[in-house]
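Below is one structure; the comments refer to it alone.
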Amino acid sequence: MKRMTMINLMKASVKKIHSLSRASRCLPAEGGVRGFSSASGPRVCIVGGGPAGFYTAQQLLKARRDAVVDIYERLPVPFGLVRFGVAPDHPEVKNVINTFTQTAQHERCSFYGNVNVGKDVTIEELRQAYHAVVLSYGAEGNRSMKIPGEDLSGVFSAKDFVGWYNGLPNNKELCPDLNCETAVILGQGNVALDVARILLSPVDMLKETDITQNSLAVLAGSNVRRVLIVGRRGPLQIACTIKELREMVNLPNTRADMMPNDFEGIAEALKDLPRPRKRLTELMMKAVKEGRGDKVEKSWGFRFFRSPVEVLAGADGKRATGIRLALNKLEGSGEDTRAVPTGQLEDLECGLIISSIGYKSFPIDPTVPFDPRKAIVPNAMGRVQDTTGLYCSGWVKRGPTGVIATTMNDSFDTARVLIQDMEAGEVDLSVNKAGAQAITALLQTRGVRTVLFPQWEKINAEEEKRGKSLGKPREKLLDVDEMLKIAWS
């Protein structure tokens, strides 16, 4: 029953994201199938055009000079979370797009956007057409807080909030109301700090990035002056990295507002910490000492040892006006340290609540094994459980953790395992497979028109053109139908 519920959730989610007019999809296929030949080299299909998909493709193309790799992506545009997840003021992180572009333009690689795998074509149909299929479709759901009031107006997931300011089509209508003084972010990872930084950054700093104009306008009118970043454990367990913390400490016209009691005993523990954790903790302690004296307009601060128990509604019963937190104590040590409620509660007044407690993968197809508790495809080193020829990489393989470099290493590992299986005969290469030729023909009969990489480049050029007129790197298109119109022009 749980598995069917997850499948229904997935179907509802992808339907929402891909609400294209049928007319725009029922057009004849365009362009040839690059990379197809009568050679008997391995044909590999990758589901998902984000970092995991491109890194997996890159390694496969490098390791097998006869491999043909096709990447299928639900949206008309590639690059996944590099495009829609990386903060707009971190352009250096997005430079990896140059590498992904080289992969997509490789003579043995093809990109097929606007293909909703699981709906437009099944995994079984892909397995019939390819020697191997790699699932790299990421984590598009939100982990629920499972507390009363989380559905009230004014409560958002970090995934949706980030998608809103980064131009994810599904989040373009989000329009958060920032007419409040205090925002609370639940979770203390890098995404939480990205959101806090965007909320407090001067608009003049943001307007030169690729943040969308509509979100920039909302942020320009924001009344948010204070952001509290809440975590269930203590300073020694915080999940962010020093780069993101340093950016918060150095934000113009902003001071740190910490609670010194949260840092009792931390100084004594410093000497035993690994160097990265020690540096991170020292920077926090410096912020505690220096933050309170400055008379500036905005503030931010960590609130440790607290877990959300209820979102508090205003008089109308519809809008969030605060959050009730349980105060915790820590038990255990090292990696086993856990937060235990003390029985004490604390109410924080706030008009905006953003839950940054993690992303979650959905099952893509009823035929693919899925672990609903871990929200991953069960696998051994990237080999999908009990399914020959089916592999996975990235977040759907290991869960939504780590940075882009983590995904790179993870995807390279999956590619190496797949190559090993080819060489050991675990993947049967003796039978010719039609690959994209079969799938594009099948899609055409179903009225699904693909977006090839040169057509994405038309979208890219239009975005850069619009951005140039605004003094920014690009202005992202937010409407899928408009993307398709430009791609197919």
Side-chain angles (χ1 to χ4, degrees), residues 10 13-14 17-18 44-61 69-88 90 93-106 109-118 126 133-142 158-160 162-163 166-171 190-191 194 210 358-364 375-377 382 391-415 450-453 456 459-460 476 480 483:
M10 178 276 294
S13 173
V14 295
I17 291 174
H18 224 265
V44 180
C45 159
I46 294 175
V47 180
F54 273 99
Y55 278 129
T56 305
Q58 178 185 328
Q59 186 69 13
L60 289 170
L61 293 166
V69 180
D70 298 322
I71 301 171
Y72 293 88
E73 164 60 41
R74 187 186 57 227
L75 287 170
V77 296
F79 311 136
L81 277 183
V82 176
R83 177 181 168 95
F84 296 121
V86 173
H90 285 175
V93 181
K94 301 186 186 191
N95 287 338
V96 72
I97 284 176
N98 298 328
T99 304
F100 296 163
T101 296
Q102 290 175 3
T103 298
Q105 292 173 337
H106 193 286
C109 184
S110 296
F111 172 83
Y112 298 95
N114 198 44
V115 180
N116 192 345
V117 174
L126 291 175
V133 174
V134 184
L135 305 175
S136 307
Y137 62 87
E140 294 174 325
N142 303 304
K159 185 190 79 68
D160 291 346
V162 169
N166 269 336
L168 185 63
N170 192 41
N171 299 130
N190 284 344
V191 174
D194 282 346
D210 67 357
Y359 292 35
K360 182 173 67 174
S361 295
F362 288 132
I364 193 170
I376 60 170
V377 172
Y391 298 80
C392 56
S393 67
W395 282 3
V396 76
K397 170 186 173 184
R398 72 179 191 276
T401 58
V403 294
I404 289 176
T406 319
T407 293
M408 177 184 72
N409 292 326
D410 168 281
S411 303
F412 285 180
D413 287 345
T414 291
T450 62
V451 172
L452 305 178
F453 201 79
W456 141 249
I459 298 172
N460 184 49
K476 292 174 188 168
V480 169
M483 291 178 185

Tell me if a side-chain donor or acceptor on [X] pairs with a main-chain N or O of [Y] at a distance below 3.5 Å.
X	Y	result
T414	C392	yes
T406	V403	yes
K476	N166	yes
S361	G138	yes

Quick one, [X] and [Y] - any side-chain contact, counting heavy atoms below 4.5 Å?
X	Y	value
D194	H90	yes
P51	V96	no
V86	I404	yes
N114	T450	no
K94	D210	yes
Y391	T56	no

Practice task
Quick one: which residue pairs count as a salt bridge (Lys or Arg N to Asp or Glu O under 4.0 Å) with a foot in residues 402-414, not counting sequence neighbours?
Solution key: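 For residues 402-414: K397-D410, R398-D410, D413-R416.
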Practice task
Kindly state each residue pair satisfying salt bridge (Lys or Arg N to Asp or Glu O under 4.0 Å) with at least one member in residues 96-105, sequence neighbours excluded.
Solution key: none
Show the nearest heavy-atom pair for residues [X] and [Y], with the distance to one decimal.
X	Y	answer
A158	V191	CB-CG1, 3.9 Å
G141	K159	O-CD, 3.7 Å
R83	P78	CD-O, 3.9 Å
Y137	I364	OH-N, 3.5 Å
S411	G394	OG-N, 4.3 Å

Problem - Whether W456 and F79 hold their rings parallel, tilted or perpendicular, with breakpoints at 30° and 60° - result: perpendicular
Distance, nearest 0.5 Å, that separates [atom1] of [X] from [atom2] of [Y]:
X	Y	atom1	atom2	value
I71	I46	CD1	CD1	5.0 Å
L61	T103	CG	OG1	7.0 Å
S136	Y72	OG	OH	14.0 Å
F412	T407	CZ	OG1	11.0 Å
E73	F111	CD	CZ	5.5 Å
Q58	Q102	CD	CD	8.5 Å

Handout entry: Ring centers of W395, Y359 separated by less than 6.0 Å
Key = yes
Handout entry: Test ring-ring contact (aromatic ring centres under 6.0 Å, His included) applied to Y55 and F100, step by step
Key = CA-CA 8 Å; Y55 278 129; F100 296 163; 5.0 Å; yes
